[in-house]
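This report concerns only the one structure given below.
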Amino acid sequence: MQTNVVSSPLADVACDWLILPVTQSGEFPANVAELDEALDGRLARLREAGDLTGKAGETIEIRDALESGPLRILTVGLGEPARLSRAGIYKSFMAAVRKISTRAYDHVAAAVPAVDAIDRDRLAETVALALQVGCVGQGLYRSEPERFPFQRISVASGDDAAGIRTVVERGAVVGEAVNLARELINRHAGEIYPETFAQRAQQLATEYGLGCEILDEPQLEQEKMRALLAVGRGSVRRPRVVVLEHRGAPDSKEVWGLCGKGVTFDSGGLSLKTNDGMKSMKADMSGAAAVLGTMTALARLKSPVNAIGVMGLVENMPDADSFKLGDVLTARNGVTIEVMNTDAEGRLVLADVLAYTVDRGATKLIDLATLTGACVVALGEEVAGAFSNDQPWCDAVLQAAGRAGEDLWQMPMFDSYAEQLKSEVADCKNVGTRWGGAITAAKFLQKFVGSTPWVHLDIAGPAFSDSSKPHQEGGGSGVMVRTLVELASNGA
Ligand code: BES
Ligand code: MN
Ligand code: ZN
């Protein structure tokens, strides 16, 4: 998709569709009033008739708008001006974009809403982001496509086109990073497995100028990543670890380690999942996909941080040679783990990945993982959980999520939760009881980060959705890419 910024009056923007935001009360802003003049007052009449209320979620199609300007207009209601948020505006634009991307259109433009309380740059970025993400679907394998990416998108800014070009491009880059994560999640496990995921990472690293190392089995042995290797033992798809490197702050000693759970398929292993539990487990690499998407965006935006992205890639399968219940694994950092459930595999993968990332010199850690069903029970399907050993670092991540408009909620980390992990034969077990399962998983991970400030993001809920909503396509969501890029935009 080609992204442009236009400053001409809305009535002069020649495009197939113009997405026109409207709020619930107040006069039309100047640019909309001007457009309405060219439309001979149609918008005002729609408003008087009670059709164009501007309520959040309302859309109205005007299909014969202007011959020499926007051919069609889709108004999108944003709700009450006083209650507008970036997240709400993003959702409204996503719903609008999803409405019109069901047919192939060459050029779609969107007007930046006039909202005094929100920085205009952020608004323009949000609009560009929604234009990128909303027109890409999950129907990768349909012979009849049901969603059509736009060829060209324009953000109509009023008179300050040059001023917002950078932020619009930024929105587009972040949108592409989200779409990359979504695509990798949506591809089935016959296509995306550790080796092919790693190849894709390598290609992207070359394209965008990231350092890239791929560790294969002998190297993983050498690095003592025995917990990760145990998980992968039952699969013909052999494990890999990918390390991507971005140096955006050469004068800083800070290095962020972004670690991703990349279980390309989670059958549960010998602790086999049910059919229902397994259906969406091609998405169990959503953490690694988010790390990959984020790293490409950091490189393209030249974000002022140093970051290494470490992705632990394995397939968890039952097999004659699978790791077993009762096995005792020695993780990279020497901690011994009694395996009591082979379906609690993500934490075994991350144990080694986190310890390795600390040894590679990371000064701060964030891991992303579809780690526990318990986190979905606790927070629902749309909210990610944050778990941390360092409140200032956790606050920075929570605030970035707030600015990016992604819902993230901090969970407690009392030491008492770790009691559940005590083992009679080893340093710990890999599962606790039924209760507080998202937190005991986080307490398990904590054993592998030492004293490095760390935030664990459990994205089991929002990473993947079976069904579409007006503002979001089903399938992989690319959740937390926006948050991490936002976090990095301020520097370390
Ligand atoms: N990948 C799953 C967690 C998951 C569940 C992600 C549902 C997305 C949706 C993870 O590997 C897993 O199986 N966790 C177990 C842990 C249990 C055995 C302690 C779970 O949540 O049931
Ligand atoms: Mn599992
Ligand atoms: Zn899993």
Side-chain angles (χ1 to χ4, degrees), residues 185-186 189 192-194 227-228 230-235 237 239 259-290 311-318 322-325 327 337-353 367-385 387 411 417-418 420-421 423 428-445 456-467 474-477 479-480:
I185 297 165
N186 288 337
I192 299 293
Y193 44 90
L228 181 148
V231 174
R233 226 170 66 203
S235 173
R237 306 298 194 188
C259 301
K261 170 179 172 181
V263 176
T264 55
F265 186 72
D266 182 13
S267 69
L270 292 179
S271 311
L272 196 66
K273 287 183 181 293
T274 60
N275 194 81
D276 266 352
M278 213 186 291
K279 276 193 236 168
S280 62
M281 282 302 131
K282 68 173 183 182
D284 211 20
M285 33 57 80
S286 297
M311 287 144 272
L313 304 165
V314 297
E315 188 178 68
N316 186 22
M317 294 292 277
S322 285
F323 75 130
K324 302 174 186 73
L325 288 78
D327 283 1
I337 308 161
E338 185 187 13
V339 176
M340 287 283 104
N341 191 323
T342 62
D343 198 12
E345 86 297 341
R347 63 197 76 183
L348 299 172
V349 172
L350 281 176
D352 281 339
V353 167
D367 77 73
L368 297 96
T370 45
L371 202 64
T372 64
C375 198
V376 193
V377 174
L379 296 175
E381 290 182 301
E382 290 178 38
V383 179
F387 308 74
M411 302 281 277
Y417 287 102
Q420 292 186 22
L421 298 169
S423 159
C428 62
K429 300 188 291 191
N430 75 330
V431 285
T433 67
R434 288 180 61 186
W435 312 115
I439 307 171
T440 51
K443 292 306 282 185
F444 179 90
L445 296 181
H456 155 57
L457 300 176
D458 193 332
I459 56 171
F464 186 90
S465 166
D466 290 328
S467 53
S477 66
V479 70
M480 290 298 133

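Sequential numbering from 1 along the given sequence is applied to the chain's residues. Indexing begins at 1, ligand by ligand and atom by atom, following the structure's order. Side chains included, hydrogens not; waters and symmetry mates left out as well; all remaining heavy atoms used.
Within ligand 1, counting atoms from 1 as listed, the ones closer than 4.0 Å to a heavy atom of K261 are 1 (N), 10 (C), 11 (O). If you number the atoms of ligand 1 from 1 as listed, the ones under 4.0 Å from a heavy atom of A460 come out as 6 (C), 8 (C).
Partner F444 forms a side-chain contact (heavy atoms from CB on, under 4.5 Å) with one of I439, L350, L348, L371 and no other, that one being L348.
Judged purely by distance below 3.5 Å, without hydrogens or angles, the side chains of T342 and N316 never pair a donor atom with an acceptor atom.
Panel note: side chain K282, backbone A189; no donor-acceptor pair is recorded below 3.5 Å. The backbone N or O of G268 lies less than 3.5 Å from no partner atom in the side chain of S271, so there is not a single donor-acceptor pair.
Remark: minimum distance from atom 19 (C) of ligand 1 to any protein heavy atom is reached at V431 CG1, 3.4 Å. Scanning the protein heavy atoms around atom 9 (C) of ligand 1, the nearest turns out to be M281 CE, 3.7 Å. At the shortest separation from atom 11 (O) of ligand 1 among protein heavy atoms lies E345 OE1, 2.8 Å. Distance from atom 18 (C) of ligand 1 to its nearest protein heavy atom, with residue and atom name: N341 ND2, 3.3 Å. Protein heavy atom closest to atom 14 (N) of ligand 1, with residue, atom name and distance, is L371 O, 3.4 Å. Distance from atom 12 (C) of ligand 1 to its nearest protein heavy atom, with residue and atom name: D343 O, 3.2 Å.
Ion pairing of D284 with K261 is present here, as a side-chain N (NZ or NE/NH1/NH2) and a carboxylate O approach within less than 4.0 Å.
Of the N or O atoms in G373, one or more lie within a sub-3.5 Å distance of an N or O in ligand 1. The N/O atoms of T372, backbone and side chain alike, include none that comes under 3.5 Å of an N/O atom in ligand 1.
Using a 4.5 Å heavy-atom cutoff, the side chains of D343 and D266 are in contact. The closest side-chain heavy-atom distance from E345 to V263 is below 4.5 Å. S465 places none of its side-chain heavy atoms less than 4.5 Å from the side chain of S477. With contacts defined as side-chain heavy-atom distances shorter than 4.5 Å, the pair V479/F464 does not qualify.
Minimum interatomic distance between V314 and P239 (heavy atoms only, all atoms of both residues): CG1-CB, 3.7 Å. In terms of heavy atoms, A288 sits closest to G262 at CB-CA, 3.6 Å. Across V353 and G312, no two heavy atoms sit closer than the pair CG2-CA, 3.7 Å.
The closest approach between any non-hydrogen atom of R347 and ligand 1 is below 4.0 Å. Within the 4.0 Å heavy-atom cutoff, D266 counts among the residues contacting ligand 1.
Sorted by chain and number, the protein atoms of type N, O or S within less than 2.8 Å of the Mn ion (ligand 2) are D266 OD2, D343 O, D343 OD1, E345 OE1. Take a cut-off of 2.8 Å around the Zn ion (ligand 3): the protein N, O or S atoms inside it are K261 NZ, D266 OD2, D284 OD2, E345 OE2.
Residue contacts with ligand 1 for M278 are absent, since no atom lies close enough (heavy atoms, distance under 4.0 Å).
Remark: atom 22 (O) of ligand 1 lies closer than 4.0 Å to no protein heavy atom.
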